[in-house]
**Student:** 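So that we are looking at the same thing, I have put the structure below in structure tokens.
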Amino acid sequence: MRFEVLILGSSSATPIYGRHPTAQLINVNEQLYLVDCGEGTQVQLIKYGIKSNRIKHIFISHLHGDHYLGLIGLLSSMHLVGRKEEVHVYGPAALEEIINIHFLHSQTVLRYPLYVHATQDESAEMIFENEHLQVSSFPLDHRIACTGFRFDEKKRLPTIDRAKTEALGVPTAYLPLIKRGHDYTAPDGTVHRWQNLTLEPPFPRSYAYCSDTVMTPSYLPYIRKVDLLYHEATFLHNMLDRARDTYHTTALQAGEIAVEVQAKKLLIGHYSARYKDLKPLLEESKTVFEATQLALEGSWYSV
Ligand SMILES: [Zn+2]
Ligand SMILES: [Zn+2]
């Protein structure tokens with residue numbers, strides 16, 4: 001099952017050096033989820049061949065412009081191309097007012113149902129689930145209310161042990177039942193336990209998204225042991241004071257967090273405009289956490 005992240009925007013506050021404000025697309029089993037929607041996100045979607053009509057759920061971390069100023073444009077375009085399917089937006093409570101005021105004054109009546117779900121930054125909560133996936137929000141520590149998001153794959157059904165079922169001549173019609181825990185009775189009356197005809201499914205994977213935040217222990221419990229951790233790394237560690245003042249994280253700290261929470265892999269992004277060359281950020285994080293990668297626009301990262 002596919003579980004991958006496409007980086008659409010990797011810059012912090014301003015677009016620079018061809019980098020765009022924050023946005024990411026998560027593909028879980030060919031269902032697309034958008035996380036943050038900085039200015040120009042819809043242009044980036046077109047650039048990377050993603051049809052926005054495939055996006056049904058949009059998660060906004062906080063109301064700094066570099067994380068949501070592309071949202072109205074994207075929602076407007078969905079309306080203009082005649083979308084009928086509903087859209088769900090999850091974000092801080094004031095987001096609904098912001099969206100409504102735009103459409104009120106442009107006298108736009110959306111052609112599709114739009115549902116805005118308020119998140120809160122007091123505690124973690126599950127905000128979405130379907131048969132494959134569960135999404136939770138959790139509080140980060142930023143200048144304004146801000147949440148991270150955690151995407152957890154659900155435990156899958158066991159897979160059929162084909163070698164065994166074929167050797168026993170189990171008719172294919174029985175296979176979905178065996179996967180769901182039904183034993184198979186052969187024509188000679190022998191009962192074959194479903195456990196003996198199946199293999200353990202792969203362990204469920206998880207992805208956590210942390211942007212923007214100062215480094216504190218408060219949110220670490222929510223991102224423990226994720227397979228892939230995206231963490232902002234706005235500055236190099238020689239700018240630690242500036243990072244603290246602006247409630248951001250350094251590349252070294254992002255690496256330390258990945259170590260602390262026992263993440264398997266780390267993706268860093270939200271780069272300050274002062275860094276044209278990103279290599280020093282990568283190298284700094286790698287001094288403590290080797291499995292670090294730079295979030296590069298247009299690249300897919302598997303969870
Ligand atoms: Zn930001
Ligand atoms: Zn911010």
Side-chain angles (χ1 to χ4, degrees), residues 5-26 33-44 58-74 89-95 97-99 118-122 137-150 207-216 218-220 222-223 229-237 239-254 257 266-276 278 281-282 285 294-297:
V5 180
L6 170 67
I7 302 301
L8 298 166
S10 62
S11 193
S12 61
T14 51
I16 193 165
Y17 311 127
R19 303 196 295 250
H20 299 73
T22 300
Q24 305 188 351
L25 190 81
I26 324 289
Y33 304 88
L34 187 64
V35 177
D36 278 342
C37 190
E39 191 183 341
T41 295
Q42 61 172 329
V43 180
Q44 291 291 85
I58 302 172
F59 301 89
I60 302 293
S61 63
H62 66 301
L63 295 180
H64 280 150
D66 55 323
H67 295 259
Y68 88 96
L69 286 181
L71 182 63
I72 305 296
L74 178 62
V89 177
Y90 308 78
L95 189 56
E97 187 187 342
I98 292 170
I99 294 170
T119 55
Q120 46 79 23
D121 69 333
E122 296 296 313
S137 64
F138 55 88
L140 293 171
D141 193 353
H142 195 42
R143 296 197 302 282
I144 58 171
C146 183
T147 67
F149 299 106
R150 180 175 168 136
Y207 173 65
Y209 172 86
C210 298
S211 187
D212 302 353
T213 189
V214 71
M215 182 190 186
T216 70
S218 62
Y219 61 91
L220 303 190
Y222 310 123
I223 59 172
L229 170 64
Y230 170 85
H231 203 288
E232 71 129 295
T234 309
F235 300 105
L236 283 169
H237 205 65
M239 300 282 294
L240 179 61
D241 289 344
R242 174 111 178 102
R244 283 199 183 124
D245 290 347
T246 55
Y247 286 78
H248 285 298
T249 309
T250 70
L252 183 70
Q253 290 175 321
I257 290 164
L266 172 65
L267 195 54
I268 55 170
H270 198 265
Y271 314 118
S272 162
R274 59 172 45 72
Y275 306 116
K276 185 172 186 195
L278 303 175
L281 292 153
L282 176 66
S285 176
L294 291 172
L296 299 175
E297 294 176 19

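For ligands, and for the atoms within them, numbers begin at 1 and follow the listed sequence. Sequence positions, counted from 1, serve as the residue numbers for this chain.
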**Student:** Does R143, at its CZ atom, have more than 12 non-hydrogen atoms belonging to other residues, nucleotides or ligands within less than 6.0 Å?
**Tutor:** yes
**Student:** Just wondering, do I257 and Y219 contact through their side chains at under 4.5 Å, heavy atoms?
**Tutor:** yes
**Student:** Test of geometry: compute the angle NE2(H67)-the Zn ion (ligand 1)-OD2(D66) and round it to 10°.
**Tutor:** 100°
**Student:** Over all heavy atoms of both residues, which pair between Q120 and E122 is shortest? Give the atoms and the distance, please.
**Tutor:** OE1-N, 2.7 Å
**Student:** Could you point out which residue of D66, T213, T249 forms a side chain to side chain donor-acceptor pair (under 3.5 Å) with H270?
**Tutor:** D66
**Student:** Angle at the Zn ion (ligand 2) between NE2 of H142 and ND1 of H64, to 10°?
**Tutor:** 90°
**Student:** Hey, is there an N, O or S on H270 sitting under 2.8 Å from the Zn ion (ligand 1)?
**Tutor:** yes
**Student:** Give a yes/no answer: is there an N/O/S atom of H62 under 2.8 Å from the Zn ion (ligand 2)?
**Tutor:** yes
**Student:** Taking the side chain as every heavy atom from C-beta outward, state whether C37 and I60 have any atom pair closer than 4.5 Å.
**Tutor:** yes
**Student:** Under 2.8 Å from the Zn ion (ligand 2), is there any N, O or S atom belonging to D212?
**Tutor:** yes
